[in-house]
Chemist: 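Got a structure here, written out as structure tokens. Questions coming.
One is the number of the first residue; the rest follow in order along the sequence. Remember, it's 1-based here, ligands and their atoms both numbered in the order they're listed. The figures here come from the full heavy-atom set of this structure, side chains too, leaving out hydrogens, waters and symmetry mates.
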Amino acid sequence: MVEIKAFIFDLDGVLTDTAEYHYQAWQRLADAEGIPFSREENDAMRGLARRDSLNVLLKGREIDEATAQAWMVRKNDYYVALLSKISPDDLLPGVGDFLAAAKADGLKLGVGSASKNARPALEKLNILSLFDAVGDGYSVVHGKPSPDLFVWVAGRLGINPAQGVVFEDAAAGIQAAKRGGFYTVGLGDAVGEGATIRLPNLGGMRPREILARLV
Ligand code: G6P
Ligand code: MG
């Protein structure tokens with residue numbers, strides 16, 4: 001039997017509800033530019049890098065490169081303003097206890113987030129020091145649904161993908177993890193089918209229950 005040695009967490013929508021702030025920031029940009037956009041469409045952006053998210057927003061509209069860059073800067077400025085207000089109170093239900101229990105059980109902990117704002121977010125949540133490896137929007141070239149980011153984190157943790165469990169709220173993230181050969185836990189309503197285990201959130205969940213259900 002394979003021994004699970006590490007848990008790797010997506011950030012936005014898994015550890016904290018910054019997925020909502022990414023949505024609000026894109027919505028503000030879309031409204032200002034007269035582009036129809038909705039919360040449902042935003043679910044298709046979950047887990048995608050900033051540039052890939054812009055392409056989803058544009059829905060085939062063509063803009064020049066300078067405009068694309070300027071729009072991404074504006075979206076990020078809106079997002080960073082929202083992010084500046086988060087604190088340890090903004091961890092999603094059960095996350096603090098779950099991370100502490102996983103560490104106590106001897107598991108290595110990693111983060112695999114597409115976001116270039118992942119490190120400041122983890123600092124604001126006061127959980128950065130819990131993680132043995134943090135992969136973010138600067139770590140790899142090909143973002144989710146490519147497996148590269150999670151494989152990069154696994155390498156930093158010194159595990160094989162088959163020894164790791166990825167926690168994700170995004171369909172693109174589950175796809176990435178499965179392509180990399182990881183076990184998967186899908187969280188929330190937007191994650192779709194495909195994860196080995198699906199849960200509403202980590203509230204009341206113990207790492208050992210996850211392990212018992214996976215292997
Ligand atoms: C996360 C979020 C996405 C976001 C991406 C890039 O994966 O789920 O919604 O677009 O990170 O974030 P960034 O902060 O670099 O724009
Ligand atoms: Mg996410």
Chemist: Report, as yes or no, whether the 6.0 Å neighbourhood of atom CG on Asp64 holds more than 12 heavy atoms from other residues, nucleotides or ligands.
Modeler: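 Yes.
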Chemist: Any salt bridge between Asp90 and Lys85, counting N to O under 4.0 Å?
Modeler: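 Salt bridge between Asp90 and Lys85, a charged N being under 4.0 Å from a carboxylate O: no.
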Chemist: Under a 4.0 Å threshold between the charged nitrogen and the carboxylate oxygen, would Glu168 count as salt-bridged to Lys178?
Modeler: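 Salt bridge absent between Lys178 and Glu168.
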Chemist: Tell me, please: is Gly47 in heavy-atom contact with ligand 1, that is, under 4.0 Å?
Modeler: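 Heavy atoms of Gly47 do come under 4.0 Å of ligand 1.
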Chemist: Write out the residue and atom name of the closest protein heavy atom to atom 7 (O) of ligand 1, then the distance separating them to 0.1 Å.
Modeler: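 Answer, as residue, atom name and distance: Ala114 CB, 3.3 Å.
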Chemist: N/O of Arg46 under 3.5 Å from N/O of ligand 1, yes or no?
Modeler: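 In this structure, Arg46 places no N or O atom under 3.5 Å from an N or O of ligand 1.
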Chemist: Just heavy atoms, cut-off under 4.0 Å: does Ser53 contact ligand 1 by side chain, backbone, both, or neither?
Modeler: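 Just the side chain.
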Chemist: Hey, is ligand 1 close enough to Asn117 that some N/O pair sits below 3.5 Å?
Modeler: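 Checking ligand 1 against Asn117, an N or O pair does fall under 3.5 Å apart.
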Chemist: Please state which part of Lys116 comes within less than 4.0 Å of ligand 1, counting heavy atoms only: side chain, backbone, both or neither.
Modeler: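 It is both backbone and side chain that touch ligand 1.
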Chemist: Answer with yes or no whether Gly137 contacts ligand 1, where contact means a heavy atom under 4.0 Å from a ligand atom.
Modeler: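 No.
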Chemist: Could you list the atoms of ligand 1 found under 4.0 angstrom from a heavy atom of Arg50?
Modeler: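 Under 4.0 Å from Arg50, ligand 1 has these atoms: 6 (C), 13 (P), 14 (O), 15 (O), 16 (O).
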Chemist: Side chains of Ile8 and Leu157, heavy atoms from C-beta outward: is any pair under 4.5 Å?
Modeler: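 Yes; the side chains approach each other to less than 4.5 Å.
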Chemist: Considering heavy atoms of the protein only, find what lies nearest to atom 9 (O) of ligand 1 and give residue, atom and distance to 0.1 Å.
Modeler: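 Of the protein heavy atoms, His22 CG, 3.7 Å lies nearest.
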Chemist: Between Asn76 and Asn117, is any side-chain donor less than 3.5 angstrom from a side-chain acceptor?
Modeler: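 A donor-acceptor contact under 3.5 Å links the two side chains.
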Chemist: If you take the nearest heavy atom of each of Gly173, Ser115, Ser113, Gly112, which one is closest to atom 13 (P) of ligand 1?
Modeler: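 Looking at heavy atoms only, Ser115 sits closest to atom 13 (P) of ligand 1.
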Chemist: Charged N to carboxylate O under 4.0 angstrom, Asp169 versus Arg46?
Modeler: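 Yes.
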Chemist: Answer yes or no: does an N/O atom from Ala49 fall short of 3.5 Å to an N/O atom of ligand 1?
Modeler: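 N/O-N/O distance under 3.5 Å: no.
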Chemist: Once you round to the nearest 0.5 Å, how far does NZ of Lys124 lie from CG of Leu83?
Modeler: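 One gets 6.5 Å once the value is rounded to the nearest 0.5 Å.
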Chemist: Please determine if Lys75 forms a cation-pi arrangement with Tyr79, meaning its NZ or CZ atom is less than 6.0 Å from the six-membered ring centre and no more than 45° off the ring axis.
Modeler: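 Because its charged atom sits under 6.0 Å from the ring centre and within 45° of the axis, Lys75 does stack over Tyr79.
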Chemist: Looking only at protein heavy atoms, which one is nearest to atom 2 (C) of ligand 1, and how far off is it?
Modeler: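 The closest one turns out to be Asp12 OD2, 3.4 Å.
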Chemist: Where does the angle between the aromatic ring planes of Phe182 and Phe150 fall among parallel (under 30°), tilted (30 to 60°) and perpendicular (over 60°)?
Modeler: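 Judged by the thresholds at 30° and 60°, the geometry between Phe182 and Phe150 is perpendicular.
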Chemist: Using 30° and 60° as the class boundaries, would you call the ring planes of Phe9 and Phe167 parallel, tilted or perpendicular?
Modeler: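 The rings of Phe9 and Phe167 lie parallel, inter-plane angle below 30°.
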Chemist: Rounded to the nearest 0.5 Å, what separates atom CG in Leu202 from atom CG in Leu91?
Modeler: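 Between atom CG of Leu202 and atom CG of Leu91 there are 11.0 Å.
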Chemist: Listing by chain and number, what protein N/O/S atoms are under 2.8 Å from the Mg ion (ligand 2)?
Modeler: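 Metal shell, protein only: Asp10 OD2, Asp12 O, Asp169 OD1.
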Chemist: Would you call Glu33-Arg74 a salt bridge at under 4.0 Å N-O?
Modeler: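 Looking at Glu33 and Arg74, the cut-off is met.
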Chemist: Only heavy atoms of Leu48, strictly under 4.0 Å: list the atoms of ligand 1 that pass.
Modeler: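 What qualifies from ligand 1 is 3 (C), 4 (C), 5 (C), 6 (C), 10 (O).
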